[in-house]
Structure formats: C-alpha cells, structure tokens
Amino acid sequence: MENKHFDIIINGARRIKMPSGSAELCCVGIKDGKIAAVVPRAEGAAFTADKVVDGGGKFIIPGLIDLHVHLREPGFEYKEDIMSGARCAAAGGVTSVFAMPNTKPVCDSAETLSYIKNRAEQADCRVFPVAAITKGLASEELCDLTALRDAGAAAFSDDGKPVMTVKLLYDAMKIAKENDLLIMSHCEDMSLAKGGAINEGSISRMLGLPGIPNLAEDIATERDIMVAEATGARLHICHVSTRGAIDCIRRAKARGVRVTAETCPHYFSLTDADVIYYGANAKMNPPLRTQDDVKAVIEAIIDGTIDCISTDHAPHSAEEKSDVRTSLNGIIGLQTSFIASYTNLVQTGHISFAKLIELMSANPAAVTGLDKLGLGRLEAGCPADFALVSLGCEYTVTKESLRGKSTNTPFAGMTFGAKIESTYVDGRCVFSAEA
C-alpha cells in the first residue's frame, strides 16, 4: 500500500477471519470514512495515523444490522425517537437499523419517508425506512410500492399486523417480484390471536390469561410462503417463534422458495414461564413460547433455516407496560441483542462466534442488498462501520445504562458474557463505554 497514513488506526484488536472463523490480531486503517486496510498486526507496524486506538485484544466485528426496529417517530416520540433509538443502537454495536412503518402518520407516503430520512441524517446509526404495504396499515388499498421505493423505502411491511387478505398480499407480491422489492411479513392469524395476552399453554392457564396459540403464527407463515411461491417474490418472515413456523420455512427453502427468516434473542433466551417473573416486560407479539419452541429456534439457527437475528425493538412507557393482561406488546432490544445472543448461543456452544457475526451482520446485509454497499463486512473498501467488543467477561445490564426513552425489557438486571466497548459509523466513534 502506497499511502500508509490514515485518519484512524485500530491497532491490536482481534478479528475473525471468514470463512475459517480463526482469530488474529490485526491493524485496521480508516481513511475518509472507509476501511482502507485490514492487515495482521505485524504488517501494520509501519502505519501512521492522526489517531491511534489501542484495540487491547478486544474483538473487532462488522457493524451489526438490525432488520426490525420500531423508532416510534413520527407520532410516538414519548416512547422513543430516531435520535434516542439510534443511541441505543450504537450502544449495542448496531450500525444500521430498518425502521418499521407503524408510526403516526404511517410510513406510507413520500413525505413521511422524507421526514424520517432527514431526521436520521444526524443519528448515531444508519436508518433505513421500511414503508407500509397497505395505506394506513388498514389492508384495504395497496400503497404505490414503486413510488415509495423511489422515495427511499428499503423494504415493505405492514408490521404489527399481517396483510389481512390473500388478494391484497398476492397483488403486492406480484409488484414486488416485478420490481425486486423485499416484502417483510408479520405472520399472524388475527382471528386466532385476537385478545390473547401470552402464549396459549400451561402458563396462560395457570395465570388465568387469554392465550395465543402457535397455530396463529404457523398458519399465517404457511399462507405467506404459498403466496411468495406462487408469485416468485422475495419474502422475509419476521420474528419467528414457533416450531411449526420453522418447519414451514425449512420446507419452503428446500423447494426453492425465495424466503428468509429472522428471530429475536428473546425467542431463544426466554420461555413463556418467564412471564411469571417479568410480567408485562416479558409480553410481546408473537409471545414467548415453550421450551420446545426455543429448542426448535436454536436448531433453525444452527442449520440455517433462520438467517438473521433482529430485535423487534419496541419501546413503551412504564404506564403502557404496567399490567400483563392489558399492556401493549413489545420490549426494547437494541442494546442487548449482541450480548444476549453471544451469551445464549456462543457461550452455550450452540454456534461459533463467526456464525453469530453472519447472523447479525453479513446475512442481514445480503437479505436486504446492503452488501452491495459494502455493509456487513470488515474489509478494505467497505464503510468503516464496526464495533469493538469484549468477550468472556461479566457485564450486567442496568436500567441506568439504557440509553433510550423506555426501559421495558426483561434483560435489565441480567449478567451477560460480552460487552460492547465502542461503535463506529463511517469511521466516527458513536459510542464508547468509557465515555
């Protein structure tokens, strides 16, 4: 390399070499917001820089990409806003988020897309707006999907609810196929799930709470897969939680259907029994399931049926999460997604650290096309989006450490085996645990 002077050097961090998964001490040079060099530490001895950061043997990983986040802005800024949500993301090593459209107004117009994109320009992570499939999320009239794409929509979803009729979904997926758009589905049969508070089973009966059966997710997953298969559209299934839904996805992939899937840390870390201890802070949709479902989710992560780990980050006020029977669904997750996943998947021996990086960086980039922008990789020429993490430590999450407006999570108070030390976006440090 002719120019060995950089804006920043990260010296002495450990990177995971792909695809071998082996670790090596390295030197990373950053110039003009991009990674300019990634070399073994010895080769970087001659490098100079305006600023040198001591990697201290920590691991350097590509910035995490979260495909499923609720930033609540516009309309619900008392729960979260784009700036506060991005601060949470940065503290969790997340450098790119996909913002769901169930805002107020719904993200179904060029004006709302423009508002979100403009607000995100100063945020501590990249924000990719997801636009609605139907106007007002009402499942009555399709949005102009191609116009929304041209206005900056990164994908399309009626998240929070499914597209209610097969005809509308079929028409949307035909348009998606013709224009190579990504459809993201919240798979739920509302007639089965309506009124339910937690998973239907022994725990719901013991607590006297109305239940949501697995069938509500299973049957809706099969429906959306069938429509994707008939149209040839790309389908990404959100927050998978049941063995039945996983079986549907696994069979569809074997048939060549263009389907990908995500799950969330709570679906492989917790069960419906945890509602007893955490109450409304363990209430989400889909709900926490049984130990058998947790086992199925982990098996699907291992064998590749599940492609990505996201969060479904869903901030709510304390008043909105005060009672498990009546509270709103959802928990926050941006700050805890990596550390919870490392603790419950890697430290337990289910998957390798390299596999976790794929699930949280490379695969989400490939699903959404961000890989074409160089995101999800730690290579020369890519944007300098990365995080420095400590592994094998003990780190306890406290409510005081949460950087957003809401604290609705069962993970507060838990101790994990990893810690995010710092996060960079375009070579700019957007989070430091020491600050």
Side-chain angles (χ1 to χ4, degrees), residues 66-77 81-82 85 96-120 126-190 220-221 223-239 258-262 285 310 312-314 330 364 367-370:
D66 193 327
L67 300 186
H68 198 136
V69 169
H70 300 270
L71 295 179
R72 301 303 191 203
E73 186 180 1
F76 302 101
E77 288 86 352
D81 58 43
I82 290 169
S96 295
V97 301
F98 281 66
M100 287 295 160
N102 52 345
T103 50
K104 186 178 181 181
V106 169
C107 186
D108 61 3
S109 69
E111 291 76 17
T112 303
L113 277 165
S114 178
Y115 172 85
I116 293 169
K117 288 166 65 69
N118 289 338
R119 284 281 289 152
R126 302 178 193 273
V127 177
F128 296 92
V130 177
I133 297 172
T134 67
K135 293 183 178 180
L137 307 178
S139 285
E140 294 175 357
E141 182 181 357
L142 284 183
C143 296
D144 187 335
L145 303 186
T146 55
L148 290 172
R149 177 209 51 201
D150 295 342
F156 298 87
S157 179
D158 270 9
D159 183 69
K161 58 181 71 173
V163 176
M164 296 294 187
T165 67
V166 174
K167 177 63 165 65
L168 269 176
L169 184 62
Y170 182 67
D171 290 344
M173 285 199 183
K174 285 197 294 184
I175 295 168
K177 171 61 169 65
E178 292 167 2
N179 296 277
D180 196 29
L181 310 178
L182 179 64
I183 300 292
M184 305 175 78
S185 278
H186 171 105
C187 293
E188 179 182 26
D189 186 298
M190 301 293 284
T221 301
R223 182 200 77 155
D224 288 15
I225 285 172
M226 290 178 71
V227 178
E229 187 169 19
T231 59
R234 290 192 297 137
L235 171 65
H236 181 74
I237 298 178
C238 298
H239 45 51
R258 301 172 73 196
V259 59
T260 54
E262 67 184 43
N285 187 25
S310 64
D312 197 4
H313 178 80
V367 166
T368 55
L370 295 188

From Leu168 CG over to Met173 CE, what is the distance, rounded to the nearest 0.5 angstrom?
12.0 Å
Do side-chain atoms of Thr112 reach the backbone of Asp108 as a donor and acceptor pair under 3.5 angstrom?
no
Whether Asp158 side chain and Thr134 backbone form a donor-acceptor pair below 3.5 Å:
yes
Determine whether the side chains of Asp66 and His313 contain a donor N or O and an acceptor N or O closer than 3.5 Å.
no
Non-hydrogen atoms of Phe76 and Thr103 that approach each other most closely:
CE1-C, 3.9 Å
Looking just at side-chain N and O atoms, do Ser185 and Asp224 make a donor-acceptor pair shorter than 3.5 Å?
yes
In short, His236 meets Thr260 closest at the heavy-atom pair ND1-OG1, 2.8 Å
What do you reckon, is CE of Met226 surrounded by more than 12 foreign heavy atoms closer than 6.0 Å?
no
Which heavy atom of Cys143 sits nearest a heavy atom of Lys135, and at what distance?
SG-N, 3.5 Å
Using every non-hydrogen atom in the two residues, find where Ala151 and Leu113 come nearest and quote the distance to one decimal.
CB-CD1, 3.8 Å
With a 6.0 Å cut-off (strictly less than), is the heavy-atom count around OH of Tyr115, excluding the residue itself, greater than 12?
yes
Test Leu235 against every option in Leu182, Ile225, Val227 by the side chain to side chain contact (heavy atoms under 4.5 Å, CB included) rule and name the one that passes.
Ile225
Do the side chain of Arg258 and the main chain of Gly232 share a donor and acceptor less than 3.5 angstrom apart?
yes
Any carboxylate oxygen within less than 4.0 angstrom of a Lys/Arg side-chain nitrogen, looking at Asp180 and Arg149?
no
Closest approach of Thr165 to Arg223 (non-hydrogen atoms, all atoms of both residues):
C-NH1, 4.1 Å
So does Ile175 get a backbone contact from the side chain of Asn179, meaning a donor-acceptor N/O pair under 3.5 Å?
yes
With distance as the sole test, does Ser139 use its side chain to make a donor-acceptor pair with the main-chain N or O of Met164 at under 3.5 Å?
yes
So, do Phe156 and Leu148 sit near enough that their side-chain heavy atoms are less than 4.5 Å apart?
yes
Where is the tightest heavy-atom contact between Leu145 and Ala132, given as atom of each residue plus distance?
CD2-O, 4.0 Å
